[in-house]
Amino acid sequence: MAESRKERARHWRYDELPGVDLLRARYIRKTFVRHTHENFVIAAIADGVEVFHHGGSDVSAGAGALALVNPDTPHTGRAGVPEGWQYGALYPPPEVVAAIAAETTTLRGTPGFATPVLDDPYTVHLVHQVLRATDEGNALAADTLLRVAVTRLLRLNGGTLPRREVRTAGARTAARARAVLEERMADPPSLERLAAELGTSPFALLRAFRDTYGMPPHTWLTDARVRRARRLLDEGTAPSEAAFTVGFTDQPHLNRHFSRIVGVPPGAYQRERKNVQDARGGPSVPSGVWQWNGQKHSQTYPTAEERSRTAPSSGTPSASGSPSDSPGSPSA
């Protein structure tokens, strides 16, 4: 019982799902600060409740529901009940979702999710089956199930994302400020200096930036630094060097912000990336076991009881990870 109360997380990639980040986690006291993702977030809640701020208000997702976040959409995350929440998540890049939408739906324009929470135990089960297939090294099942899950979500909760057009003077100023911060990430100007460079006042810049990007410049900068640090870690840069390169004062400073946005420390994040490269052609991880901080742990999501309770009586992927649905005709 005590073991099940511990926080744990694994954030990794599977070589046969290029560009797709994967996560399994149980969090109790964890709090995610306001941040964004370049990819979509498809988080399948297996137990407990997650609360996250999205679109100006708090929303919650419990067991059998999915938390869905479109790319570049500010959001937070925290436990909604004392026991926390347990989930598995897929982070497919926009181009993957767009390709699936073009092949299997009638959506036009840039596809995305219409609402941030969807109660759909079947797709929750599909997400966990994708993760299980990656554990087993079953590329065919992982790829197939990912496509079935994304297609189903787009059919149940899909829409066309609005184009972000820079029309107002404030939005143009915010875009110029963002470009300056991107270029001078390691040594950014103060708000006052930045506003003076752009020919505006500090509070006018603050309002314009928040209205355009959903967060103030300093919060956006921290988020951008973590994004760039992730790319450096993926390329093999040491965490201490990555911290300095993106403008954090030291590695503990990077560790703190990285964990509050990504969900795991940068060292653990990088080890999983290295493990993917080293394991190409190597043995797969046994089903029902996953790695956390270099140690093996029993897989607990979803449990057999949860699977029997949430999976539909027909059209359910088999235990081997092979779906009876095809990507072109998932249940809706």
Side-chain angles (χ1 to χ4, degrees), residues 9-14 16-27 32 35-52 54-55 59-77 85-101 104-105 107 110-135 141-159 161 261-263 301-302 306 310-311 317 321 323 325 327 330-332:
R10 180 193 178 200
H11 194 295
W12 80 103
R13 276 191 177 177
Y14 177 52
E16 300 299 330
L17 295 179
V20 180
D21 286 313
L22 309 165
L23 176 71
R24 282 199 187 99
R26 171 183 282 280
Y27 295 125
F32 288 91
H35 65 286
T36 63
H37 295 276
E38 294 175 297
N39 291 359
F40 284 87
V41 179
I42 302 173
I45 312 299
D47 190 29
V49 177
E50 179 187 13
V51 175
F52 57 106
H54 180 284
V59 294
S60 61
L66 299 111
L68 304 170
V69 182
N70 294 317
D72 297 315
T73 301
H75 62 287
T76 63
W85 79 105
Q86 182 170 285
Y87 68 111
L90 311 175
Y91 301 83
E95 58 270 21
V96 169
V97 173
I100 294 172
T104 63
T105 75
L107 293 174
T110 303
F113 300 128
T115 61
V117 176
L118 179 67
D119 188 7
D120 184 26
Y122 182 63
T123 307
V124 168
H125 181 64
L126 284 175
V127 169
H128 291 292
Q129 287 286 77
V130 173
L131 298 175
R132 178 178 178 179
T134 69
D135 284 342
D143 192 12
T144 302
L145 290 162
L146 171 66
R147 293 172 186 275
V148 172
V150 171
T151 299
R152 180 176 171 87
L153 288 173
L154 290 174
R155 289 184 176 180
L156 290 175
N157 188 41
L161 298 180
I261 289 176
V262 181
Y301 10 169
E306 287 168 338
T310 62
D325 288 338
S331 303

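Being a predicted model, the structure only gives us computed values, none of them experimental. Hydrogens, waters and symmetry mates are skipped; everything else that's a heavy atom, side chains included, is used.
- Checked by atom type and distance alone, the side chain of Asp47 never pairs as donor or acceptor with a backbone atom of Trp85 at under 3.5 Å.
- Looking at His54 and Pro116, their side chains come closer than 4.5 Å, going by heavy atoms from C-beta outward.
- Nearest heavy-atom pair across Val97 and Pro92 is CG2-CG, 3.8 Å.
- Residue Ala142 comes nearest to Ala133 through the heavy atom pair N-CB, 3.6 Å, listed as atom of the first residue, atom of the second, then distance.
- Here the shortest heavy-atom pairing between Pro111 and Leu154 reads CB-CD2, 4.4 Å.
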Show the numbers, then the answer: is there a side chain to side chain contact (heavy atoms under 4.5 Å, CB included) between Ile45 and Leu66?
-> CA-CA 6 Å; Ile45 312 299; Leu66 299 111; over 6 Å; no
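- Side-chain contact check for Asn39 versus Pro94: some heavy-atom pair is nearer than 4.5 Å.
- Taking every heavy atom of both residues into account, Tyr87 and Leu23 meet most closely at OH-CD2, 3.2 Å.
- At a threshold of 4.5 Å between non-hydrogen side-chain atoms, the residues Val150 and Val96 do not count as touching.
- To the nearest 0.5 Å, atoms NE2 (His128) and CG (Asp135) are separated by 12.0 Å.
- In this structure a side-chain-to-backbone donor-acceptor pair under 3.5 Å is present from Tyr27 to Gly263.
- Atom OG1 in Thr76 sits 12.0 Å away from atom CD1 in Ile261 (nearest 0.5 Å).
- Using a 4.5 Å heavy-atom threshold, the side chains of Val51 and Val59 count as separate.
- The backbone N or O of Val69 lies less than 3.5 Å from no partner atom in the side chain of Thr73, so there is not a single donor-acceptor pair.
- Separating the CD atom in Glu50 from the CD atom in Gln86 is a distance of 13.0 Å, to the nearest 0.5 Å.
- To the nearest 0.5 Å, atom CD of residue Glu95 and atom CD1 of residue Ile100 are 11.0 Å apart.
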So Tyr14 and Val20, side chain to side chain contact (heavy atoms under 4.5 Å, CB included) or not? Walk me through it.
-> CA-CA 8 Å; Tyr14 177 52; Val20 180; over 6 Å; no
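- Using a distance-only test at 3.5 Å, with no hydrogens or angles considered, no donor-acceptor pair links the side chain of Arg152 to the main chain of Arg147.
- At a threshold of 4.5 Å between non-hydrogen side-chain atoms, the residues Tyr122 and Leu156 do not count as touching.
- Put simply, CD1 on Ile42 and CG on Leu126 are 10.5 Å apart, with the number rounded to the nearest 0.5 Å.
- Taking CG of Leu161 as the start and CG of Asn70 as the end, the distance is 4.5 Å to the nearest 0.5 Å.
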Intermediate values then yes/no, side chain to side chain contact (heavy atoms under 4.5 Å, CB included), Trp12 and Thr134 = CA-CA 10 Å; Trp12 80 103; Thr134 69; 3.5 Å; yes
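- Side-chain atoms of Leu153 and Thr123, non-hydrogen and from C-beta on, do get closer than 4.5 Å to each other.
- By the side chain to side chain donor-acceptor pair (under 3.5 Å) test, Asp21 pairs with Arg13, Arg230, Arg273, sequence neighbours left out.
- For the pair Asp143/Glu16, no side-chain contact is recorded, criterion being any heavy-atom separation below 4.5 Å from C-beta on.
- Between Phe40 and Phe113, the ring planes lie perpendicular to each other; the angle is over 60°, past the 30° to 60° tilted range.
- With no hydrogens or angles considered, no side-chain donor-acceptor pair links Asp72 and Thr36 at under 3.5 Å.
- Ala61 and Val117 get closest at one heavy-atom pair: CB-CG1, 4.2 Å.
- Taking 4.5 Å as the limit, every side-chain heavy atom of Leu68 sits out of range of all side-chain heavy atoms of Thr115.
- Across all non-hydrogen atoms, the minimal contact from Gly158 to Ala114 is O-CB, 4.3 Å.
- In terms of the ring pair (Phe, Tyr, Trp, His ring centres under 6.0 Å) criterion, residue partners of Tyr91 (sequence neighbours excluded) are, by chain and number, His11, His37.
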Go through the steps to decide whether Leu17 and Val130 satisfy the test side chain to side chain contact (heavy atoms under 4.5 Å, CB included), and finish with yes or no.
-> CA-CA 10 Å; Leu17 295 179; Val130 173; 4.3 Å; yes
